[in-house]
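Worksheet: one structure, shown below.
Order of the sequence lines sets the chain letters (A, B, ...), proteins ahead of strands, with each chain counted from 1. Everything numeric in this text was worked out from a predicted model, so none of it was measured.
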Number of protein chains: 2
Amino acid sequence: MNMDLFNNAFPFWESLTETQRTEIVNNTTRNLCEKKTRLHFGGGECAGVQIIGSGRARVFITSPGGGDITLFRLLDGDVSILSAACMLNGMDIELDMEMETDCEIYTIPKKVYRKLYDESGVVKDYTMEMISEKFSDIMWLFNQFVFSNVASRIAGALLEHRAIEGGDELKLTHEDIAKDAGTAREVVTRILKQFQADGVVKLTRGKVTLIDAGRLGKI
Amino acid sequence: MNMDLFNNAFPFWESLTETQRTEIVNNTTRNLCEKKTRLHFGGGECAGVQIIGSGRARVFITSPGGGDITLFRLLDGDVSILSAACMLNGMDIELDMEMETDCEIYTIPKKVYRKLYDESGVVKDYTMEMISEKFSDIMWLFNQFVFSNVASRIAGALLEHRAIEGGDELKLTHEDIAKDAGTAREVVTRILKQFQADGVVKLTRGKVTLIDAGRLGKI
DNA sequence: GATTTTTCAGTGACAAAATCACATTTATTA
DNA sequence: TAATAAATGTGATTTTGTCACTGAAAAATC
């Protein structure tokens with residue numbers, strides 16, 4: 001097992017005892033998940049803390065009707081603390097995760113993490129900090145949803161993907177964008193057409209090319 | 001200072017040392033806030049942990065345009081943990097609070113609570129639990145906003161007020177309901193008219209009387 | 001390599017909800 | 001009582017969501 005994984009993921013790693021580190025290392029499982037694999041968290045079930053060894057995953061909520069809305073993404077080295085949050089009293093949320101690429105996922109079982117959490121103040125602080133951060137992220141998203149129009153949410157989604165991909169050629173379908181912006185696919189089609197007419201993007205099947213990211217940011 | 005206040009608000013109160021309790025009691029301030037008093041939290045400023053001695057307050061987010069959307073309410077004895085959450089790394093949210101009645105508010109300064117938080121694992125656990133609970137509440141609200149229509153959100157808001165008030169005569173303006181349901185006042189007017197036509201509510205100025213709460217729940 | 005199947009995009013018609021611009025009614029205050 | 005403020009009502013318009021399709025491009029299969 002690669003020790004760097006834990007050391008990079010957890011700022012508290014060095015401060016753990018040898019026993020604690022061994023306990024984690026021995027109980028962590030490694031899984032290779034193909035693209036499109038789905039995991040569900042909530043309703044009592046929760047795997048534990050997950051570390052993305054490599055790949056990219058999308059965390060979202062699902063509507064009764066089947067549609068879903070992206071909350072955030074997890075990239076290489078990210079820790080999915082919410083996957084273990086059901087160990088906490090009071091936390092009761094339903095989330096889904098879907099791999100956007102083939103992923104290497106390390107899972108620390110709920111019980112193992114819980115023990116560590118109870119033993120170590122540093123781990124408690126870290127957990128609190130991560131959850132607070134996610135809380136802030138979700139509040140920001142909430143603001144976007146209730147106070148922004150669809151066009152600016154779509155623009156935001158495109159710019160976020162630019163930051164992730166590190167380029168202006170985004171391999172995204174209208175469906176993908178719709179989930180990130182929390183709207184319907186047809187609406188994305190219409191607004192992207194408008195963006196194209198305005199000269200800020202260029203559209204081809206399964207791809208959006210950003211022409212004028214600056215102008216996109218002002219929408 | 002009334003000790004019952006702390007003992008009722010904080011499950012950990014009995015387990016604190018005499019010194020800790022004295023520190024809190026001596027530093028807690030009591031404020032009488034008139035109805036409509038507003039407090040802002042976020043952007044570095046945050047008063048500290050607040051306990052509602054008596055009265056009712058509404059916590060909400062504010063749009064750039066000035067509109068606002070209710071997140072939750074605080075009632076007698078409730079603790080507003082988010083008012084102090086800015087002491088945590090990673091937590092960075094903007095909230096407002098408005099008194100819906102004259103209120104008696106006790107405030108434990110941020111620094112005092114932070115000290116307690118650092119000293120005591122029990123306080124840390126309590127804080128984590130309260131924040132997790134709020135996180136869950138907000139996620140639930142998020143779901144309502146993105147997956148439910150306006151009619152059902154308005155119905156939900158009415159039923160929530162029934163639970164708070166403990167009766168079927170709700171002293172609410174359409175404006176009030178609009179803030180709770182996250183929509184515009186005119187929309188509330190129209191939908192309430194529909195509810196009235198359907199015989200589930202009766203409308204008078206500044207008041208909504210529930211006729212058939214059961215049917216309202218099914219909307 | 002041609003054909004079937006699947007995925008993705010485009011579009012018109014309509015419904016729901018938001019926004020704008022007022023008019024009207026009811027309560028409060030001067 | 002008149003003046004003011006607060007609450008409600010309503011039409012017109014725009015934006016967004018939903019439904020029901022069609023056609024085009026890519027993938028999979030024969």
| note | Each nucleotide of nucleotides 15-21 of chain C classed B (base within 4.0 Å of a protein heavy atom), S (only sugar-phosphate) or -, in 5' to 3' order, makes --SBBB-
| message | Walk along nucleotides 25-30 of chain C from 5' to 3' and tag each nucleotide B, S or - by protein heavy-atom contact under 4.0 Å, base first, then sugar-phosphate. | response | BBS---
| field | Chi angles and distances behind the side chain to side chain contact (heavy atoms under 4.5 Å, CB included) call for Val79(B), Val49(B) | value | CA-CA 7 Å; Val79(B) 176; Val49(B) 172; 3.5 Å; yes
| Can you list the steps and then say if Glu186(A) with His174(A) is a side chain to side chain donor-acceptor pair (under 3.5 Å)? | CA-CA 8 Å; Glu186(A) 303 91 309; His174(A) 296 183; over 6 Å; no
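Between the NZ atom of Lys171(A) and the P atom of dA9(C) there is a distance of 14 Å, rounded to whole Å. Remark: P of dA9(C) and CG of Leu203(A) are 9 Å apart, rounded to the nearest angstrom.
Here Asp125(B) pairs with Lys124(A) in a salt bridge; the nearest charged N to carboxylate O distance falls below 4.0 Å. Classification of Arg30(A) and Glu104(A) as a salt-bridged pair holds, one side-chain N sitting under 4.0 Å from a carboxylate O. In summary, Arg162(A) and Asp168(A) engage in a salt bridge, as defined by a charged side-chain N under 4.0 Å from a carboxylate O. The pair Arg56(B)-Glu165(B) counts as a salt bridge, with a side-chain nitrogen and a carboxylate oxygen less than 4.0 angstrom apart.
Aromatic ring centres of Phe145(A) and Phe145(B) lie farther apart than the 6.0 Å criterion allows. Taking the centre of each ring, Tyr106(B) and Phe6(B) stay at or above the 6.0 Å mark.
No donor-acceptor distance shorter than 3.5 angstrom exists from the side chain of Thr127(A) to the backbone of Ile81(A), with no hydrogens or angles considered. In this structure, Thr37(B) contributes its side chain and Cys33(B) its backbone to no donor-acceptor pair below 3.5 Å. Between the side chain of Ser152(B) and the backbone N or O of Ser148(B), no donor-acceptor pair lies under 3.5 Å.
Direction of the helix axis in the helix from dG1(C)-dC30(D) to dA30(C)-dT1(D) shifts by 20° between the two five-pair termini, rounded to 10°.
In summary, contact between chain A and DNA chain D, defined as any nucleotide atom under 4.0 Å from a heavy atom of the protein, begins and ends at dT16(D) to dA26(D) in the 5' to 3' direction.
Taking Asn143(B) as the reference, nothing meets the side-chain hydrogen bond (donor to acceptor under 3.5 Å, both in side chains) condition, with sequence neighbours excluded.
Among pairs with a residue in residues 169-180 of chain A, those fulfilling salt bridge (Lys or Arg N to Asp or Glu O under 4.0 Å) read Asp68(A)-Lys179(A), Arg73(A)-Asp180(A), Glu169(A)-Lys207(A), at least two apart in sequence or across chains.
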